[in-house]
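Some notes on the structure that comes next.
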Amino acid sequence: MRYWRKPLDIEGLKIPRGNIQILKERCKGCGFCVEFCPQHVLEVSEEFNSKGYHPPYVKDGDGCVSCGLCEMLCPEFAIYRLEEEREVQVL
Amino acid sequence: MEPERHPMDDLLREDRLPHIWCSGCGIGTAVTCFISALLKSGLDLDKVAVVSGIGCTGRVAGYIKLDSFHTTHGRAIAFATGLKLANPELKVVIFSGDGDLIAIGGNHFIHAARRNIDMTVICVNNFNYGMTGGQVGPTTPVGARTTTSPYGCFEHPFNIPYLAAASGAVYVARWTMLHVRRLERSIGEALAKRGFSLVEVIAPCPTNYGRRQRRRTGLDSLKYYHQKGVIKHGANPRDVDIDLDGEIIEGVFVDIEKPTFSDFCQEGLSRAMGNRGP
Ligand code: SF4
Ligand code: SF4
Ligand code: SF4
């Protein structure tokens, strides 16, 4: 995240980040996660799973803020996140 | 390496996944919201029972790894009532579809609400009988095309929140499955409520209903919910009808307190037994 001025408590700030995991074989390619991710982290892949669906892939992992929307919206229990933290960077 | 496990897998019968629901079907999302609400509720999971009837949503009981009960068509609430009366400690959740709960099971539904039996009903409404090929159901909007209404549906549909509220439910909410966070919260509130609580979940059935209304995929339906969903907490349930292609009013419509069936049983029994105690 960019700040124009440096917040005083910058050292202590952490932004949650999701490490997105996709269980490709469960996915049925509905596209809900891709469409509604507020950070546009996901994209439909070219790859097929064994049922012939295109699972999503993580296009921009750094953008993920671990909001959990993809995990809740997925009707197939096929996507979840491992929560991580990262330091706030000042540019 | 550890095998990949979804955080909800502990509450799912993994060996049965992937489930039978079609790509873009909304039932799975209603289940994730339920599991998530359940995990946050702090309830003792050994004392939660899930009861389903028949139909696509009727499959839910079979996928949830809790004490669960897949009953006969329309009778989920009847079985659940027996379960609750025999073992009052249980938190009984009925998870079924509009056809099962409101048509064939309609009488059980209104009478359980009238008696204010302590149970939570999650009713997935996809406006048709999905499993049997997409026939007109009790909630199909006027004008909707289905396999049995090729010229558009000629029947007035039930407004489920109004039906529940008029019958005596103490908690009534409706959300589309797109509004996952709000839906999860409402399910949590319903679980915490004493008495008959109802959460209606509007969900896409792209295979049979959506595609006949020119919403071919589940995603088309979600975009429609995004466009036409209007949140109105406390709206009068009488005013929340759903028209074909019209607005979908969502929110918590009823949240009241009143004695439950078990309260009256307890009270009546102790009065009748005097000091002798039951
Ligand atoms: S957790 Fe939120 S930000 Fe991250 S991929 Fe999922 S929807 Fe996008
Ligand atoms: S929401 Fe789930 S099933 Fe749909 S595309 Fe994403 S991972 Fe696949
Ligand atoms: S028929 Fe409809 S309700 Fe049944 S699984 Fe398919 S999309 Fe879902």
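At a 4.5 Å heavy-atom cutoff, the contact between B:Leu219 and chain A is made by backbone and side-chain atoms alike. Residue B:Leu178 touches chain A through both its backbone and its side chain, counting heavy-atom pairs closer than 4.5 Å. The part of A:Ile79 that comes within reach of chain B is its backbone (N, CA, C, O), which places non-hydrogen atoms under 4.5 angstrom from that chain.
Partners of B:Thr147 under the side-chain hydrogen bond (donor to acceptor under 3.5 Å, both in side chains) rule, at least two apart in sequence or in another chain, do not exist in this structure.
When all heavy atoms are compared, the tightest approach of B:Cys25 to A:Pro75 is O-CB, 3.5 Å.
To the nearest 0.5 angstrom, A:Phe77 atom CZ is 6.5 Å from B:Leu17 atom CG.
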At a 3.5 Å cut-off, give me the donor-acceptor pairs between chain B and chain A, one pair per line with the distance.
| unit_1 | atom_1 | unit_2 | atom_2 | d |
| --- | --- | --- | --- | --- |
| B:Arg5 | O | A:Tyr80 | OH | 3.2 |
| B:His6 | NE2 | A:Ile79 | O | 3.2 |
| B:Asp9 | OD1 | A:Arg26 | NH1 | 3.1 |
| B:Asp9 | OD1 | A:Arg26 | NH2 | 3.2 |
| B:Asp9 | OD2 | A:Arg26 | NH2 | 3.1 |
| B:His19 | O | A:Lys28 | NZ | 2.8 |
| B:His19 | ND1 | A:Lys28 | NZ | 3.3 |
| B:His19 | NE2 | A:Pro75 | O | 2.7 |
| B:His19 | NE2 | A:Glu76 | OE1 | 3.2 |
| B:Trp21 | O | A:Lys28 | NZ | 2.6 |
| B:Ser23 | OG | A:Lys28 | O | 2.7 |
| B:Thr29 | OG1 | A:Leu73 | O | 2.8 |
| B:Thr32 | OG1 | A:Met72 | O | 2.6 |
| B:Arg181 | NH2 | A:Cys67 | O | 2.8 |

